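Note that the structure is a prediction, hence the values are computed from the model and not measured. In what follows, chains carry the letters A, B, and so on, assigned in the order in which the sequence lines appear, proteins first and then strands, with residues in each chain numbered from 1.
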Amino acid sequence: QVHLVQSGAEVKKPGASVNISCKASGYTFSSYYIHWVRQAPGQGLEWMGIINPSGGDTSHAQNFQGRVTMTTDTSTSTVYMELSSLRSEDTAVYYCARDRGWGGSAFDYWGQGTLVTVSS
Amino acid sequence: DIQMTQSPSTLSASVGDRVTITCRASQSIRSWLAWYQQKPGKAPKLLIYKASSLESGVPSRFSGSGSGADFTLSISSLQPDDFATYYCQQYDTYPYTFGQGTKLEIK
């Protein structure tokens with residue numbers, strides 16, 4: 001069955017970068033886009049961006065302009081999300097999620113989440 | 001950005017009740033709306049996509065309706081497992097946006 005397995009929790013200092021991985025299994029990796037969503041403690045869900053695992057093309061929310069980089073490694077069925085210039089407000093659980101369509105649909109499978117804590 | 005507004009923010013109900021959650025978009029999103037259920041410490045779970053299509057494996061007591069800018073999620077007979085937080089999400093236009101959530105509590 002479909003699984004998205006994310007890398008483990010991270011603690012970072014302000015100004016640093018974090019790189020989170022999301023390894024897919026149980027389906028054809030190149031056929032489904034992947035989204036990134038984050039959730040600050042006690043808060044709602046915030047869409048960060050989307051990547052085409054096959055072509056590598058991306059789109060992201062303006063809130064993260066210049067700070068987010070999404071990449072893909074088809075050889076390992078893994079997508080990565082790097083967030084740079086971290087600040088305390090970036091403390092959140094970060095999720096990858098599969099698009100059930102072809103980049104324009106709802107999210108049918110989610111990773112388990114990766115907690116990123118930004119603290120000096 | 002398209003704003004998604006859910007109401008109510010908190011809903012108290014009992015097992016067996018029928019409940020409805022409303023989601024309003026700041027502009028038309030046609031039928032490109034999803035509903036998710038989230039429990040503490042867990043990832044969201046897709047319940048409804050394209051406003052009214054039930055995701056595979058989701059109990060039929062969940063239903064969605066609406067189009068344009070106004071949508072509802074209904075649960076016909078609440079079960080103990082249904083007490084959670086519910087989010088609507090538009091996927092008509094980037095950036096995709098979520099409602100602020102509705103916490104469904106046991107009365």
Visitor: Looking only at atom types and distance, does a side-chain atom of B:T97 sit under 3.5 Å from a main-chain N or O of B:I2, one as donor and one as acceptor?
Guide: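 A pair under 3.5 Å: yes.
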Visitor: Give me the contact list for residues 16-30 of chain B versus chain A, heavy atoms only, anything under 4.5 Å, ordered by residue number.
Guide: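 So no residue qualifies.
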Visitor: Find out whether the Lys NZ or Arg CZ of A:R100 is both under 6.0 angstrom from the six-membered ring centre of A:Y32 and within 45° of the ring's axis.
Guide: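 Not satisfied by the 6.0 Å and 45° rule.
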Visitor: Find the one option among A:D108, A:I50, A:L45, A:V93 whose heavy-atom pairs under 4.5 Å with chain B are most numerous.
Guide: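 Heavy-atom pairs under 4.5 Å are most numerous for A:L45.
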Visitor: Does a sphere of radius 6.0 Å around NZ in A:K23 hold more than 12 heavy atoms from other residues, nucleotides or ligands, not counting ones at 6.0 Å or beyond?
Guide: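 Atom NZ in A:K23 is packed in, count exceeds 12.
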Visitor: Applying side-chain contact (heavy atoms from CB on, under 4.5 Å) between A:V118 and each of A:V18, A:L83, A:L86, report the one that passes.
Guide: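 Looking at A:V18, A:L83, A:L86, the match for A:V118 under the side-chain contact (heavy atoms from CB on, under 4.5 Å) is A:L86.
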Visitor: Looking only at atom types and distance, does a side-chain atom of B:S31 sit under 3.5 Å from a main-chain N or O of B:S67, one as donor and one as acceptor?
Guide: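 Side chain of B:S31 to backbone of B:S67, a donor-acceptor pair under 3.5 Å: no, none is there.
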Visitor: Below 4.5 Å from any heavy atom of chain B, which atoms of A:H35 appear? Answer side chain, backbone, both or neither.
Guide: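 Just the side chain, heavy atoms under 4.5 Å.
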Visitor: Let me know if A:Y95 has heavy atoms under 4.5 Å from chain B in its side chain, its backbone, both or neither.
Guide: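 Side chain only.
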Visitor: Please walk me through it: do A:R67 and A:D90 pass salt bridge (Lys or Arg N to Asp or Glu O under 4.0 Å)?
Guide: CA-CA 11 Å; A:R67 291 207 301 141; A:D90 294 317; 2.7 Å; yes
Visitor: Do B:F62 and B:Q37 come close enough that some side-chain heavy atom pair is under 4.5 Å?
Guide: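 In contact.
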Visitor: Could you check whether any side-chain heavy atom of A:M81 comes within less than 4.5 Å of a side-chain heavy atom of A:C96, counting everything from C-beta outward?
Guide: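 Side-chain contact under 4.5 Å: no.
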Visitor: Does anything in residues 76-87 of chain B get under 4.5 Å of chain A by heavy atoms, and if so which residues?
Guide: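 Within residues 76-87 of chain B, the residues under 4.5 Å from chain A are B:Y87.
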Visitor: Salt bridge check, B:E55 against B:K45: does any charged N sit closer than 4.0 Å to a carboxylate O?
Guide: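 Salt bridge between B:K45 and B:E55, a charged N being under 4.0 Å from a carboxylate O: no.
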Visitor: Would you say B:Y94 and B:Y96 make side-chain contact, with heavy atoms under 4.5 Å?
Guide: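 Yes, their side chains come closer than 4.5 Å.
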Visitor: Do the side chains of B:Q90 and B:W32 get nearer than 4.5 Å, heavy atoms only?
Guide: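 Counting from C-beta outward, B:W32 and B:Q90 never come under 4.5 Å.
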Visitor: Within the side chain of A:T78, is there an N or O that forms a donor-acceptor pair under 3.5 Å with the backbone of A:T76?
Guide: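 Indeed, once roles are kept as given, a pair shorter than 3.5 Å links the two residues.
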Visitor: Looking at B:P40, B:A34, B:A43, which one has more heavy-atom pairs under 4.5 Å with chain A than the rest?
Guide: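 The answer is B:A43.
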Visitor: Which atoms of B:P44 are under 4.5 Å from chain A, going by heavy atoms: the side chain, the backbone, both sets, or neither?
Guide: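 B:P44 touches chain A through backbone and side-chain heavy atoms alike.
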Visitor: Can any side-chain N or O of A:T72 pair as donor or acceptor with the backbone N or O of A:P53 at less than 3.5 Å?
Guide: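 A pair under 3.5 Å: yes.
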Visitor: Taking side chain as everything from C-beta outward and backbone as N, CA, C, O, which of these in B:K42 sits under 4.5 Å from a heavy atom of chain A? Side chain, backbone, both or neither.
Guide: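 The backbone, not the side chain.
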Visitor: Can you tell which part of A:Q39 gets under 4.5 Å to a heavy atom of chain B, answering side chain, backbone, both or neither?
Guide: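 For A:Q39, the side chain is the part near chain B, not the backbone.
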